[in-house]
Amino acid sequence: MQDTYDFAAVEAAAQRFWNDSRAFEVTEDPSRPKYYCLSMLPYPSGALHMGHVRNYTIGDAISRHRRMLGYNVLQPMAWDAFGLPAENAAIKNNTAPAKWTYANIEHMRGQLKALGYAIDWSREFATCRPDYYVHEQRMFVRLYKKGLVYRKHALVNWDPVDQTVLANEQVIDGRGWRSGAIVEKREIPQWFLRITAYADELLRELDRLPGWPESVKTMQRNWIGRSEGLEIEFAIENEAPVTVFTTRPDTLFGATFVTIAPEHPLAQKAAAADPRIRAFVEECRRGGVAEAELETQEKKGIETGFHAIHPLTGERLPVWIGNFVLMGYGTGAVMGVPAHDERDWEFATKYDLLIRMVIVSDAVRDAIAELGREVATHADPMAAALGESQPLDVLEAPGALALLEEFERRIVTEGAFTDYGTLVNSGEFDGLDYRGAFDAIAARLEREGKGRRRVNYRLRDWGVSRQRYWGCPIPIIYCARCGVVPVPEEQLPVVLPEDVRFMGVQSPLKADPEWRKCTCPQCGGAAERETDTFDTFMESSWYYARYTSPGAADMVDARANYWLPVDQYIGGIEHAILHLLYFRFYHKLLRDAGLVNCDEPATNLLCQGMVVAETFYRENADGAIDWINPAEVEIERDERARVIGARLKADGRPVSIGPTEKMSKSKNNGVDPQVMVDKYGADTVRLFSLFAAPPEQSLEWNEAGVEGMARFLRRLWREVQQHVGSRESGTVSGERSAVSGESSTAPGSQPSALSPQQKSLRRQIHETIVKVSDDYARRYAFNTAIAALMELFNATARFDDTSATGCALRQEAFEAIVLLLAPITPHICHALWRALGHDDPVHAHPWPQADAAALRKDTVTLAVQVNGKLRGTVEVAADAPREQVEKCALALPEAARYTAVGTVKKVVIVPGKIVNIVVG
RNA sequence: GCCGGUGUGGCGGAAUUGGUAGACGCGACGGACUCAAAAUCCGUUUCUGGCAACAGAGUGUGGGUUCGAUUCCCUCCACCGGCACCA
């Protein structure tokens with residue numbers, strides 16, 4: 001055993017042991033319970049960042065804990081290797097995306113291995129390899145044949161200068177990131193997966209995922225956005241009718257205009273006839289397609305000159321074009337009900353359109369009903385007494401009209417009334433509530449053939465086409481004679497050429513006149529391949545399944561049903577909607593293809609928070625901001641330890657302190673995990689990652705905190721070493737503890753023989769086992785588990801009993817600490833466990849069990865409150881009767897002082913917790 | 001704009017089912033060791049008043065429920081994540 005803690009040697013030795021013994025390679029074993037612990041796979045961006053370290057450290061702690069509990073644990077790793085950054089790097093450095101990506105993978109694999117994760121590396125793969133994506137192409141072809149794939153036109157961001165499609169991320173303030181040109185919307189043909197066919201199941205199954213965070217389920221529910229409403233047809237004078245969808249048919253009589261999308265055929269027609277309208281439609285093309293951009297832009301419109309006929313009143317309503325109506329959503333047209341819709345109200349107010357109230361609030365209805373009752377009492381006392389007055393048939397009642405007019409005036413001047421209420425100004429439907437009006441209006445429109453009930457989803461089909469090179473080729477062939485032909489399965493994969501030269505912004509696939517040339521599988525004539533590639537969400541939607549079946553001829557084989565579903569999935573909250581919805585959708589596709597037999601891919605989900613750090617900056621003379629890395633800065637404090645400033649170490653001059661933000665290149669506040677591992681060791685980095693915050697919260701990286709963790713591990717090493725040294729020197733005989741389960745002469749076997757101090761330490765050991773076990777298994781609260789282990793360690797270090805029993809207790813305490821800490825800091829625990837005299841490796845040792853006898857308490861401490869305010873504590877026997885507890889509490893001098901001045905009204909006793917004396 | 005989340009000492013955080021607010025760590029301060037420094041060890045550390053005993057205040061804001069609220073309900077504010085082509 002070494003005197004001082006040499007983390008580099010300890011970590012290298014442990015990693016060599018795990019590697020040589022293939023400790024974490026697993027196979028299916030029906031005799032043991034399985035546990036599939038999955039962390040989201042990384043994009044190989046070049047270097048590991050702290051977000052990865054956090055994610056994988058959480059997953060590793062969970063995996064190693066489960067392993068010690070006896071589970072057959074699968075923890076795999078792969079590379080989400082297709083994506084935009086590789087193309088950007090290719091343009092910048094003039095290297096092929098493949099070469100860049102593979103080099104990054106090599107480097108990052110080494111970084112992951114240095115962190116000591118218990119990963120089964122034999123299952124590793126990169127998603128950019130043909131033997132991975134061939135399965136994705138085959139699935140696409142099968143889905144095409146099933147009718148779950150289709151092609152349609154959809155809007156993209158178009159950079160008119162670079163002549164290329166831009167990702168939303170590449171549109172900054174409405175301009176292309178490279179060219180600076182104002183981005184336009186452009187419609188191009190694209191491939192879609194019919195996720196909406198699964199919308200209902202994706203929604204319903206959320207209720208059967210108790211292990212997923214409520215917040216994620218709520219976000220997914222809202223994203224799917226199931227709504228029941230009516231499709232209503234508005235006839236247009238001299239033109240084809242326009243169909244709108246509404247969830248508020250009860251407000252139909254309040255419709256005073258119709259708004260259509262700029263891309264709507266009717267809008268196109270209007271634009272052709274009127275240059276002013278053409279200019280407006282043209283203006284609507286400016287800017288990108290991101291929803292956040294569309295929803296925050298100023299609502300604008302123009303009148304088309306067309307008129308719609310209200311389906312029930314026959315009234316002529318003006319047809320407007322609105323920039324907030326989107327062709328891709330619903331029918332591309334909405335009815336304008338300004339009195340009862342926020343957005344329509346704004347639009348009507350801006351363009352001076354009619355606002356007609358057709359719903360009144362319950363408060364107004366009740367007030368009018370009250371007036372009506374008064375009138376009725378005179379006219380027909382009997383009916384009034386029976387409550388038969390029809391509230392809205394009594395508008396003649398004095399004051400009723402005034403109430404209505406006042407309500408309408410408030411709507412017109414202050415804003416729409418969007419709650420449910422009672423119908424007015426709606427002909428035969430007056431007096432009905434929302435539900436009644438919905439049904440009655442639906443019935444009438446259906447009878448007259450002017451509308452139908454419809455369930456609508458906010459969820460749109462998944463557009464999978466990308467006009468990029470570095471992705472999986474879409475296996476489709478276009479033939480002049482046969483049209484669209486999927487590539488036959490036996491001709492797959494369609495291989496993406498990796499040895500390409502990147503010139504400018506265009507995809508090498510599209511630039512190469514040869515690659516696309518092929519023969520039509522149907523007629524044998526000359527044809528062309530699709531040059532678009534898949535959205536990279538495709539690869540990350542089924543990788544979890546591939547891990548279970550390395551080398552399988554199909555996507556997966558029978559092994560998938562041993563491992564799936566994933567027992568614990570861990571990843572960033574930023575994936576709450578898109579990735580996790582596609583992941584669930586794809587699993588259902590696998591199930592319906594007969595490849596797996598469960599309904600959901602993951603039973604438990606943990607979303608970890610971001611890793612953040614302080615930012616520091618200096619403003620240049622020209623107003624530009626230089627962001628300075630926290631590692632280069634020194635903090636200044638006042639006498640109360642408050643931060644008052646910061647200086648650059650290099651020049652000693654002050655820098656400004658910015659907000660604490662997510663680690664990023666742009667704010668230069670990233671901390672390189674590699675630097676931390678080199679300086680402090682993997683165990684210290686892992687320990688800090690789990691200690692500084694609970695997994696779901698954001699984690700603030702702070703190097704002083706890291707040093708604290710290193711200090712703790714050094715102390716642990718030293719104390720265990722001293723304990724082992726004193727034991728070996730013969731001061732005491734080498735006893736084994738109850739914790740490791742290997743002894744019959746443990747202190748636990750004669751509890752009555754223990755001194756109060758010994759009893760107290762032994763209780764703390766076993767209380768810690770209970771608490772830490774719960775923190776691991778139920779709460780994933782590694783921060784509090786570590787805190788409890790630190791407390792136990794501090795108590796053990798202070799415990800200076802040199803008797804044989806004392807030494808045995810120390811052994812018991814250190815064994816507990818090492819076992820309980822092993823999933824978090826596996827390297828040091830691997831070495832210390834050996835030092836404590838064990839031959840089996842700690843990662844394979846059973847998780848410790850608490851001894852119930854050690855937990856037993858004779859007395860309890862109760863807090864004594866007077867009127868809810870703490871005044872002292874009393875110590876009573878654990879089984880003391882209520883009367884005695886009350887007597888002790890009232891006898892407490894601090895309490896008696898208050899009870900003396902007033903009378904005791906009540907004494908609340910919560911057994912084992914508090915006594916609250918209520919004094920009046 | 002819409003959806004979801006968060007807010008507690010100087011800082012990160014704890015308080016698990018409505019029951020002693022501030023565990024654990026960092027920082028700061030005082031002390032020991034040292035020629036000195038680093039490292040290490042011991043102690044103090046929510047704020048206000050007080051020599052002290054002690055008293056009062058306190059979990060983003062304002063209100064409510066309760067014997068008792070960081071925890072439950074309502075209002076407002078600030079910040080963070082997502083918004084379908086970043087991954």
Is NZ or CZ of A:Lys510 both nearer than 6.0 Å to the six-membered ring centre of A:Tyr469 and within 45° of the ring axis?
no

When you measure from the side-chain N and O atoms of A:Asn794 to the phosphate of B:G25, is any distance below 4.0 Å, counting only OP1 and OP2?
yes

Could you tell me if A:Thr615 and A:Glu661 have a donor-acceptor pair between their side chains, going purely by distance under 3.5 Å?
no

Using a 4.0 Å heavy-atom cut-off across all strands, classify A:Tyr776 as base, sugar-phosphate, or nothing.
nothing

Looking at A:Asn867, I'd like to know whether one of its side-chain N or O atoms comes within less than 4.0 Å of OP1 or OP2 on B:G68.
no

Would a 4.5 Å heavy-atom cut-off, applied to side chains only, mark A:Gln220 and A:Arg584 as touching?
yes

So does A:Arg897 get a side-chain nitrogen or oxygen closer than 4.0 Å to the phosphate oxygens (OP1/OP2) of B:A55?
yes

Choosing from B:G12, B:U20, B:G1, which nucleotide comes nearest the side chain of A:Gln865?
B:U20

Can you tell me how far P of B:C85 sits from CZ of A:Arg186, to the nearest Å?
18 Å

Donor-acceptor contact below 3.5 Å, side chain A:Asn104 vs main chain A:Ala47:
no

Looking at A:Lys869, I'd like to know whether one of its side-chain N or O atoms comes within less than 4.0 Å of OP1 or OP2 on B:A57.
yes

Looking at B:C41, I'd like to know if its phosphate oxygens (OP1 or OP2) sit under 4.0 Å from a side-chain N or O belonging to A:Arg718.
yes

side-chain N/O A:Arg711 vs B:U40 OP1/OP2, d < 4.0 Å:
yes

With rounding to whole Å, what would you report as the distance between B:C29 and B:G9 at their C1' atoms?
16 Å

For the base of B:C85, is there a side-chain donor-acceptor partner from A:Gln467 under 3.5 Å away?
yes

Taking the minimum atom-to-atom distance to the side chain of A:Ala787, which one of B:G13, B:C24, B:A84 wins?
B:C24

Distance between the P atoms of B:G12 and B:G1, in whole angstroms?
28 Å

With the side chain defined as heavy atoms from C-beta on, A:Asp775 is closest, among B:U16, B:G19, B:C24, to B:U16

Rounded to the nearest angstrom, tell me the gap between atom CG in A:Asp80 and atom P in B:C86.
13 Å

Of the candidate nucleotides B:G81, B:A84, B:G13, which contains the atom at the shortest distance from the side chain of A:Pro694?
B:G13

Which nucleotide sits closest to the side chain of A:Arg715: B:C85, B:C41, B:G13?
B:C41

Is the distance from OP1 or OP2 of B:C85 to the nearest side-chain N or O of A:Arg466 less than 4.0 Å?
yes

Whole-angstrom distance between B:G68 and B:G4, as gauged at atom P:
33 Å

Check for me whether the distance between the ring centres of A:Phe782 and A:Phe691 falls short of 6.0 Å.
no

From CG of A:Leu699 over to P of B:C24, roughly how many Å is that when rounded to an integer?
20 Å

Does B:G12 have OP1 or OP2 sitting under 4.0 Å from an N or O in the side chain of A:Asn783?
no

Would you indicate which nucleotide in B:A87, B:A84, B:G56 comes nearest to any side-chain atom of A:Thr536?
B:A87

Mind checking if A:Glu700 touches a base, just sugar-phosphate, or nothing, with heavy atoms under 4.0 Å?
sugar-phosphate

Atom P, compared across B:U71 and B:G19: separation rounded to whole Å:
11 Å

Using a cut-off of 4.0 Å on non-hydrogen atoms, how would the nucleic acid contact of A:Gln190 be classed: base, sugar-phosphate, or nothing?
base

Can you tell me, in whole Å, how much space there is between the P of B:C24 and that of B:U34?
30 Å

Is there a donor and acceptor pair, one atom on the side chain of A:Lys913 and one on the base of B:U17, closer than 3.5 Å?
no

Do A:Arg194 and A:Tyr150 meet the cation-pi criteria used here (NZ or CZ under 6.0 Å from the six-membered ring centre, within 45° of the axis)?
yes

Looking only at N and O atoms, is any donor in the side chain of A:Glu574 or the base of B:C86 less than 3.5 Å from an acceptor on the other one?
no

Go through B:A21, B:G82, B:A84 for me and flag the one nearest to the A:Leu870 side chain.
B:A21

From C-beta outward on A:Glu295, which listed nucleotide comes closest to its side chain: B:A84, B:G1, B:C11?
B:G1

Is any side-chain N or O of A:Arg778 under 3.5 Å from a base N or O of B:U16, one able to act as donor and the other as acceptor?
yes

Given B:A14, B:U20, B:G4, the nucleotide with the shortest approach to the side chain of A:Thr861
B:U20

Does A:Tyr582 put a side-chain nitrogen or oxygen below 4.0 Å from OP1 or OP2 of B:A87?
no

Within the structure, does a side-chain N or O atom of A:Arg468 lie under 4.0 Å from either OP1 or OP2 of B:C85?
no

What nucleic acid atoms does A:His575 come within less than 4.0 Å of, heavy atoms only: base, sugar-phosphate, or nothing?
base

Taking 4.0 Å as the cut-off, does a side-chain nitrogen or oxygen of A:Ser215 come that near to OP1 or OP2 on B:G5?
no

Option among A:Trp191, A:Tyr582, A:Phe192, A:Tyr198 that satisfies the ring-ring contact (aromatic ring centres under 6.0 Å, His included) test with A:Trp462
A:Tyr582

Less than 3.5 Å between a donor and an acceptor, one on the side chain of A:Asn916 and one on the base of B:C67, is that the case here?
yes

Any donor and acceptor pair, going by atom type alone, linking the side chain of A:Asn157 with main-chain N or O of A:Leu166 inside 3.5 Å?
yes

At under 4.0 Å between heavy atoms, what does A:Ala576 touch on the DNA or RNA strands: base, sugar-phosphate, or nothing?
nothing

Once you apply a heavy-atom cut-off of 4.0 Å, does A:Phe691 come out as touching a base, just sugar-phosphate, or nothing?
base

What integer number of Å spans the P atoms of B:G43 and B:C26?
14 Å

Sticking with atom C1', work out how far B:C76 lies from B:G7, rounded to a whole angstrom.
14 Å

Residue-phosphate contact under 4.0 Å: A:Gln697 side-chain N/O, B:U6 OP1/OP2:
no

With a cut-off of 6.0 Å (strictly less than), are more than 12 heavy atoms of other residues, nucleotides or ligands near CG of A:Asp173?
no

Say we look at B:G22 and B:A15: how far apart would their C1' atoms be, to the nearest angstrom?
8 Å

